[in-house]
Number of protein chains: 2
Amino acid sequence: MKSIPLPAIRRYPLYLRRLKAYRMGGTLWVSATMLAEDLGFSSILVRKDLALTGLEGRPKYGFSIDPLIGAIEESLGWNNRTDAILVGAGNLGSALLGYSGFAQYGLEISAVFDSDPAKIGTKVQGVPVFPMEKLTDFIGRTHIPMAVLTVPAESAQRTAEQLEDAGIRGIWNFAPAKLKLSDKVVVQRVDLASSFAELSSRLKKDQT
Amino acid sequence: MKSIPLPAIRRYPLYLRRLKAYRMGGTLWVSATMLAEDLGFSSILVRKDLALTGLEGRPKYGFSIDPLIGAIEESLGWNNRTDAILVGAGNLGSALLGYSGFAQYGLEISAVFDSDPAKIGTKVQGVPVFPMEKLTDFIGRTHIPMAVLTVPAESAQRTAEQLEDAGIRGIWNFAPAKLKLSDKVVVQRVDLASSFAELSSRLKKDQT
DNA sequence: TAGATTGTTAATCGATTAACAATC
DNA sequence: TAGATTGTTAATCGATTAACAATC
C-alpha cells in the first residue's frame, strides 16, 4: 500500500459525495468518465485517482460502486471512527458541531471545551461543554487523538500548546493563526484568507 | 502586469499577516529569508513570490516593509473595498459575520438574506437581515459583486442560480455542494471535507 | 571591504495530460 | 463482434528548488 499523493486525497471526498448520490439513485456501476464529467475533471485524472485505491475496474463497465466507496473511505481512514474534541464554543464552533455531515467522515465530536464560565455545564448542539481546566485531564484519560480548534486567533497558540502537551495527535485549526508546534502534532489549517485571496484573484482576472 | 500563479496568491495572505505583525513591532525592513524562516517555507520560494509583486528589494537589506505590504494588497485587490452580501444567517453565517478579520481583506458585508421569517428585520452581528424575496431586487439595484453563501447544502444550488440570475459575479461557497453555474460566475468553494481528508491522510501516514 | 541578500537562469520534481494496447 | 473503458507508459506542464553572479 503505497501512499496516495495529497492532491488525489483532496479530491477523494468529492468522488465520495457523487458516488453516494449515484448509489442513492440505484446505480451499481460507475465509470471514471462519468465521474469526471459530473465533477468537471479530466477523465484521465479520475482514472488515475481511482486506480490509486488499488481497486480494478472492468473495461466497458467501470467500477462496481459499493467496493469503490469502501476503498476510497478506507484510503482516507473514514471507515474507522475518529474521536475528537472541539475547543472554543463560539459561533463557528457551534456551526461545526451542528453540521451533521461530519459523521460521513467518521468524525465524532464527544466533548466541547470553552473558557467562558457561562457556557460550562450547558450543551451546544447536544454536546456537553467543559471548562478549559479539564482539558489536559480529559485528553490524558481518554487518549482522544484529535482536536478541532475554534478559539479566537489570540488564544490559538496557547491553546494549541496545551493540546500538544496533553498528547493530542492532530489539530484541525480554524483559528486564523499559524501554530508553531513540534512535528509530533499534525496541524491542518482551514485558511479562509487564502481561499478569499484565490477568489479575489480569479475575479480580478475575470474582469479583464 | 502579468498574472500571479495561484499557489503564490494563496501564500500572500500569510506573508501579509507576518508583515503586519513585524510592522506593529516597529520593523522597517524585512528579508525573504526572515519571512521564510517564520513561515516554514524555503527562502527561494518566498523570494520568487515577492518578486512577483514587481517590487525590487535591496541586497543585504531586503524589502521596505510598507511598500511591500501595499504591493501584496494590491496584487490581491485587497486595497479596494469589496462589497458583499451574505446568504444564510445560520451559525456559520453568524460566525463569519462576527469575524472582524474580513476587514483586512477589504471585504465588507452590507446585507444578510435568509428564508426564516423569524430572522427578517433583526440584525445579525449588526447587519440587517432581509427576506430572500428581496435578493434579486437588491443585487440589481446595488450591483453588489459578491455573495458569501452559507445556506444548507440542499438549497445551495437553487440559491446560487438565483444569485447568478440577479447578476452576482463571485460566490464564496461554504455549502458542502458543488455548484453548477455558467462560467460568468466565479465560484470559490471552502471545502471542509477536502481539508479533513488531508488531515486524516497525514495523521495516518504519521502513525506508520 | 566582506557578507548577506537580491534577481535570474537552469535543474529538478511531481502532477496532469496524452497516447495506445488490452479487454470485457 | 464493435466499442467503450480500463491500465500503463510516455510527454507535457508548471511549480519548486538549486546555483550563482550582481550589489548594497
Side-chain angles (χ1 to χ4, degrees), chain A residues 1-15 18-19 22 27-69 71-72 75 194 197-198 201-202 205, chain B residues 1-15 18-19 22 27-69 71-72 75 194 197-198 201-202 205:
Chain A
M1 182 188 62
K2 60 173 167 298
S3 82
I4 298 168
L6 282 182
I9 288 286
R10 282 191 286 258
R11 285 186 292 268
Y12 274 10
L14 305 176
Y15 299 150
R18 292 302 312 145
L19 290 171
Y22 293 149
T27 312
L28 293 180
W29 291 87
V30 67
S31 72
T33 320
M34 195 194 301
L35 260 180
E37 230 158 64
D38 277 11
L39 291 168
F41 294 141
S42 93
S43 69
I44 310 149
L45 182 68
V46 177
R47 213 150 78 227
K48 273 262 164 73
D49 283 351
L50 299 189
L52 288 167
T53 61
L55 227 58
E56 294 204 341
R58 264 173 66 186
K60 170 98 172 153
Y61 289 87
F63 293 78
S64 180
I65 204 166
D66 284 323
L68 184 53
I69 290 174
I72 292 179
S75 298
S194 289
E198 193 175 334
S201 164
R202 289 171 57 205
K205 197 177 302 175
Chain B
M1 184 186 63
K2 60 173 169 296
S3 82
I4 299 167
L6 281 182
I9 288 285
R10 282 191 285 258
R11 285 186 292 268
Y12 274 11
L14 304 177
Y15 298 150
R18 292 304 311 146
L19 290 172
Y22 293 149
T27 312
L28 293 180
W29 290 86
V30 67
S31 72
T33 320
M34 195 194 301
L35 261 179
E37 229 158 64
D38 277 12
L39 291 168
F41 295 140
S42 93
S43 69
I44 309 148
L45 182 69
V46 178
R47 212 150 79 228
K48 274 262 164 73
D49 283 351
L50 299 190
L52 288 167
T53 61
L55 228 57
E56 294 206 342
R58 265 172 67 186
K60 171 97 173 156
Y61 289 86
F63 293 78
S64 180
I65 204 165
D66 284 324
L68 185 52
I69 290 174
I72 293 178
S75 297
S194 289
E198 193 175 334
S201 166
R202 290 171 56 206
K205 198 177 301 176

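Here is the naming used below: chain letters follow the sequence lines, and residue numbers restart at 1 for every chain.
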(message) Per the side-chain hydrogen bond (donor to acceptor under 3.5 Å, both in side chains) rule, what does the pair list look like for residues 60-69 of chain A, sequence neighbours excluded?
(response) A:Arg23-A:Asp66
(message) Below 4.0 angstrom, which residues in residues 30-40 of chain A have at least one non-hydrogen atom near DNA chain C?
(response) none
(message) Dot-bracket for DNA chain D, please. Rules: Watson-Crick or G-U, both distances under 3.5 Å, ( ) within the strand, [ ] when a pair crosses earlier ones, | for another strand, . otherwise.
(response) ..||||||||||||||||||||||
Under-3.5 Å N/O pairs linking protein and nucleotides 18-21 of chain C:
unit_1	atom_1	unit_2	atom_2	d
C:dA19	N6	A:Arg47	NH2	3.4

(request) Round to a whole Å and report the spacing from CG of A:Leu50 to P of D:dT8. (result) 13 Å
(message) Return the CG to CG distance between A:Leu19 and A:Leu68, rounded to the nearest 0.5 Å.
(response) 5.0 Å
(message) Minimum heavy-atom separation for A:Ser43 and A:Ala36, please, with both atom names.
(response) CA-CB, 3.5 Å
(request) Can you tell me the distance, in whole Å, between the CZ atom of B:Phe41 and the P atom of D:dT16? (result) 9 Å
(message) By the salt bridge (Lys or Arg N to Asp or Glu O under 4.0 Å) test, which pairs, at least two apart or in different chains, include something from residues 33-44 of chain A?
(response) A:Arg18-A:Asp38
(request) To the nearest 0.5 Å, tell me how far A:Ser194 OG sits from B:Leu6 CG. (result) 11.0 Å
(request) Could I get the full list of side-chain contact (heavy atoms from CB on, under 4.5 Å) partners for B:Thr27, not counting sequence neighbours? (result) B:Tyr22
(request) Kindly compute the distance separating CZ (A:Phe63) from CG (A:Leu50), expressed to the nearest 0.5 Å. (result) 5.0 Å
(request) Whole angstrom is fine here: how far is it from CH2 in B:Trp29 over to P in C:dT6? (result) 11 Å
(request) Measure the distance from CG on B:Asp49 to P on D:dG14 and round it to the nearest whole Å. (result) 17 Å
(request) Can you sort out the partners of B:Thr33 under side-chain contact (heavy atoms from CB on, under 4.5 Å), two or more places apart, ordered by chain and number? (result) B:Ser31
(message) Near DNA chain D, counting only heavy atoms under 4.0 Å, which residues of residues 55-68 of chain B show up?
(response) B:Arg58, B:Pro59, B:Lys60
(request) Quickly work out the B:Ile9 CD1 to D:dA15 C1' distance and round it to whole Å. (result) 15 Å
(message) According to side-chain hydrogen bond (donor to acceptor under 3.5 Å, both in side chains), who are the partners of B:Arg10, at least two apart in sequence or on a separate chain?
(response) A:Glu198
(message) Just verifying a value: how many Å separate B:Leu52 CG and B:Ile9 CD1, rounded to the nearest 0.5 Å?
(response) 8.5 Å
(message) Could you check whether any side-chain N or O of B:Ser75 sits under 3.5 Å from a backbone N or O of B:Ala71, counting only pairs where one atom can act as donor and the other as acceptor?
(response) yes
(request) For the residue pair B:Ser201 and A:Ile4, establish whether any side-chain heavy-atom pair is separated by less than 4.5 Å. (result) no
(request) If a pair satisfies side-chain hydrogen bond (donor to acceptor under 3.5 Å, both in side chains) and one of its residues is in residues 45-57 of chain A, list it, with sequence neighbours excluded. (result) A:Arg11-A:Asp49, A:Tyr15-A:Asp49
